[in-house]
Amino acid sequence: MTTRSKKQPNANLFAALRAAFPADLDCVAVETDNDLFYSWRDLDRGSAMIANLLQGLGLKPGARIAVQVEKSVEAMMLYLATLRAGFVFLPLNTAYQSAEIEYFIGNAEPAVVVCSSRNEGWVRPIASAAGTQHVYTLDDDRTGTLLEAAARCSDKQQAAAKKADDLAAILYTSGTTGRSKGAMLTHGNLLSNAQVLKSYWGWRKGDVLIHALPIFHVHGLFVAIHGALLNGSKMIWFAKFDPKRTVARLPDATVFMGVPTLYVRMLAEPSLDKKAVRNMRLFISGSAPLLIETFNEWKARTGHTILERYGMSETIMLTSNPYDAKQGERRGSTVGFALPGVQVRVQGQDGAPCGAGEIGDIQVKGPNVFAGYWRMPEKTREEFTADGFFKTGDVGQVDARGYISIVGRSKDLIISGGYNVYPAEIEGYINEMAGVAESALVGAPHPDFGEVGVAVVTPKAGARLDPEKIVAELKARLANFKIPKRCFVLDELPRNTMGKVQKALLREQYKGLFTS
Ligand code: MLC
Ligand code: AMP
């Protein structure tokens with residue numbers, strides 16, 4: 001007897017997103033802040049043409065497409081095209097400078113690099129050195145060699161057949177020690193998370209999303225774009241966040257997603273009132289802690305309770321406050337419950353589960369959890385427990401009602417305006433400077449960015465250090481959000497009896513620098 005093998009459905013994320021496009025492909029899918037209107041047909045055709053271009057290059061399966069371009073709808077189409085063609089998308093923050101890009105490209109060895117024409121002069125040699133065969137440009141005014149080449153390709157394309165555990169994207173996330181690690185996310189990770197959020201956040205017909213975040217990290221690229229596309233929802237698209245213009249568009253929208261800084265800046269707009277948000281259904285915050293003051297002020301001004309959720313590059317979204325009041329209220333200073341299908345636990349030092357209110361390490365298991373770090377099997381093994389939970393590096397607690405809150409981090413990390421800054425990386429650069437003995441970077445509370453870096457540096461014997469010069473040197477080499485907002489030169493760093501730098505003391509010393 002023979003059995004006929006059942007045809008597996010295509011697990012390509014793009015196929016699921018495409019299936020959710022509305023029947024009328026000519027209605028508006030994206031409206032930009034500079035008055036461009038893209039239909040669903042435009043998204044379909046544009047991504048098909050770029051996918052055909054990529055597929056025509058004869059790349060190996062699993063080829064990486066590294067992209068460092070300004071935010072534009074075409075950049076989003078390039079992401080969709082990469083999924084569609086079955087390759088692996090590698091987004092890079094536009095603030096990264098050459099040393100940072102050199103590391104990512106050298107480590108990921110992408111077959112294709114797409115950069116802005118402004119940066120081509122320094123990106124191309126870096127890409128060539130890493131063996132990249134194809135470099136294209138893409139600018140935010142719909143020009144560049146990528147679109148020129150894609151214009152010659154067919155606008156029809158069948159999404160490449162993918163299995164759920166095939167790679168879809170690599171997101172670099174910095175490490176406390178050593179260099180950044182590439183978190184490998186599969187089609188299955190991304191789709192399962194998008195589907196869970198679609199139902200948990202009650203996405204419904206007629207929803208319109210304001211998209212004001214960058215599209216090179218989890219929040220703007222996955223949570224926001226997948227959310228809107230999987231619901232066939234229009235996006236009002238801001239290339240750069242502008243609080244006044246965003247508030248002005250709130251009456252045309254129903255859903256907004258932002259990092260806490262976006263909420264702080266909108267609250268500073270006198271035009272933000274109950275009338276402005278009359279059609280809004282949901283405000284979502286994440287990527288960094290939302291201060292309870294912001295949560296309360298937003299409620300008082302708009303009548304809306306912000307829904308705070310928690311995620312990371314390795315796990316996409318893992319917890320969320322409830323949308324539906326039947327499941328509970330949205331509680332400020334908490335990140336809610338584990339999402340359906342996701343297991344989240346808090347473990348004590350001894351590996352035993354913490355009781356209600358006890359503080360421990362947050363660990364997660366589920367279809368959302370990544371496939372490991374790119375070419376770092378050792379590191380991957382270290383970050384998982386024996387029973388398969390991923391160690392988030394966040395420290396938290398679960399209260400008696402099951403709400404999870406993040407109370408700290410076991411990883412030495414500063415989150416500034418929603419971007420991660422790893423002190424070890426910045427200290428490494430400072431320590432290499434002439435005359436520097438050692439340095440420490442600590443986070444200080446900041447009214448706009450939530451937290452910012454403050455550098456404390458000690459000189460070698462006989463050397464004189466100028467804090468302004470140190471900051472200027474860093475600016476020339478590192479992404480702008482990593483630059484310490486202040487730098488102090490001290491004779492020595494405080495140490496404990498083991499000789500370890502006491503960062504807690506420095507944090508205490510500088511905590512009022514920007515807020516008092
Ligand atoms: C800009 N600067 C920052 C900064 N952004 N400094 C610290 N932290 C930041 N985040 C610098 C600028 O270079 C400038 O320096 C000065 O601060 C003032 O800049 P600005 O004009 O006020 O900044 P702006 O361009 O408006 O950007 C601020 C911002 C942006 C908040 C809009 O940072 C942003 O879009 N953040 C969102 C990050 C995000 O999407 N995170 C999601 C990660 S995903 P100078 O010296 O030039 O004056 C993730 C997982 C999850 O974490 O759970 O979602
Ligand atoms: P990233 O590595 O950029 O994906 O950043 C993920 C980190 O952002 C998490 O490990 C948390 O430390 C932090 N984070 C995300 N969402 C929240 C939140 N709602 N509250 C506090 N921290 C958050």
Side-chain angles (χ1 to χ4, degrees), residues 71 91 93-95 97 171-176 180-183 185 193 197 211-224 238-243 246 257-266 284-292 294-295 306-321 332-336 361-364 368 370 383 390-396 404-422 443-444 446-454 471-472 474-475 478-486 514:
K71 183 176 176 183
N93 194 318
T94 47
Q97 301 204 41
L171 263 64
Y172 274 86
T173 153
S174 299
T176 34
S180 288
K181 306 169 296 234
L185 293 159
N193 209 239
L197 295 177
H211 194 305
L213 287 163
I215 56 168
F216 35 69
H217 290 302
V218 161
H219 201 159
L221 182 65
F222 299 148
V223 189
F238 285 89
K240 189 176 178 328
F241 172 68
D242 176 308
T246 303
M257 295 183 193
V259 300
T261 301
L262 271 51
Y263 287 97
V264 169
R265 291 187 181 183
M266 285 198 283
I284 299 167
S285 174
S287 311
L290 180 73
L291 291 182
I292 192 72
T294 312
F295 176 87
I306 297 176
L307 178 156
E308 185 170 4
R309 90 315 178 266
Y310 159 43
M312 57 193 305
S313 303
E314 290 93 334
T315 69
I316 332 171
M317 297 301 103
L318 57 156
T319 78
S320 172
N321 266 280
S333 296
T334 85
V335 291
D361 296 329
I362 303 179
Q363 301 179 348
V364 54
N368 55 317
F370 73 136
E383 301 300 330
F390 174 66
K391 304 174 196 166
T392 62
D394 293 308
V395 173
I404 299 162
S405 36
I406 301 172
V407 299
R409 299 171 202 128
S410 58
K411 48 193 176 191
D412 190 10
L413 162 70
I414 297 166
I415 304 185
S416 187
Y419 286 140
N420 288 5
V421 180
Y422 280 85
H446 189 274
D448 182 32
F449 292 122
E451 198 179 13
V452 294
V454 173
V471 170
L474 289 175
K475 268 193 178 170
L478 287 172
N480 56 18
F481 62 88
K482 296 181 188 170
I483 309 302
K485 295 278 185 260
R486 293 288 295 275
F514 305 98

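Indexing begins at 1, ligand by ligand and atom by atom, following the structure's order.
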Original post:
Below 4.0 angstrom, N of the basic side chain to O of the carboxylate: do Glu451 and Arg409 qualify?
Top reply: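 The answer is yes: the pair qualifies as a salt bridge.
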[atom1]/[X] to [atom2]/[Y] distance, rounded to the nearest 0.5 angstrom?
X	Y	atom1	atom2	value
Tyr310	Ser405	OH	OG	11.0 Å
Ile292	Glu308	CD1	CD	9.0 Å
Lys240	Leu213	NZ	CG	12.0 Å

Original post:
Taking side chain as C-beta onward, heavy atoms only, is Leu474 less than 4.5 Å from Pro484?
Top reply: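 They are in side-chain contact.
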Should you measure from each heavy atom of [X], which atoms of ligand 2 turn up under 4.0 Å away?
X	answer
Ser313	1 (P), 2 (O), 3 (O), 4 (O)
Thr173	2 (O)
Glu308	18 (C), 19 (N), 20 (N)
Lys411	9 (C), 10 (O)

Original post:
Do ligand 1 and Gly311 have nitrogen or oxygen atoms that lie under 3.5 Å from each other?
Top reply: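 Yes.
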Original post:
Got an N/O contact under 3.5 Å between Arg309 and ligand 1?
Top reply: yes
Original post:
Is the closest heavy-atom distance from Gly220 to ligand 1 below 4.0 Å?
Top reply: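 Outside the 4.0 Å threshold, so no.
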Original post:
Can Val452 be said to touch ligand 1, with heavy atoms closer than 4.0 Å?
Top reply: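 Val452 does not count as a contact of ligand 1 under the 4.0 Å cut-off.
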Ligand-side contact atoms (ligand 1) for residue partner [X], heavy atom cut-off under 4.0 Å:
X	answer
Lys475	46 (O)
His217	43 (C), 44 (S)
Leu213	40 (O)
Lys240	24 (P), 25 (O), 26 (O)
Asn480	13 (O)

Subject >> Which residue and heavy atom of the protein sit nearest atom 12 (O) of ligand 2, plus the separation >> reply: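 Result: Asp394 OD1, 2.6 Å.
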**OP:** Note the single closest protein heavy atom to atom 15 (O) of ligand 1, along with its residue, its atom name and the distance in Å.
**Re:** Lys485 NZ, 4.7 Å
Residue-level breakdown please: for [X] versus ligand 2, do any non-hydrogen atoms fall below 4.0 Å on the side chain, on the backbone, on both, or on neither?
X	answer
Ala288	backbone
Ile415	side chain
Ser287	backbone

Pick from [options]: the one approaching [atom] most closely through a non-hydrogen atom:
atom	options	value
atom 18 (C) of ligand 1	Phe238, Phe481, Phe222, Phe449	Phe449
atom 32 (C) of ligand 1	Val223, Asn420, Leu262	Leu262
atom 3 (O) of ligand 2	Leu413, Leu318, Asn420, Val395	Asn420
atom 40 (O) of ligand 1	Pro260, Ala479, Gly418, Pro214	Pro214

Subject >> Short side-chain to backbone donor-acceptor contact, Tyr263 and Ile284, under 3.5 Å >> reply: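 Checked: pair present.
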Original post:
Which pair of heavy atoms, one from Asp448 and one from Arg265, lies closest together, and at what distance?
Top reply: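 Residues Asp448 and Arg265, closest heavy atoms: OD2-NH2, 2.7 Å.
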Original post:
What is the ring orientation for Phe370 with Phe390, classed by angle as parallel under 30°, tilted 30 to 60°, or perpendicular over 60°?
Top reply: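 Perpendicular: the ring planes of Phe370 and Phe390 meet at over 60°.
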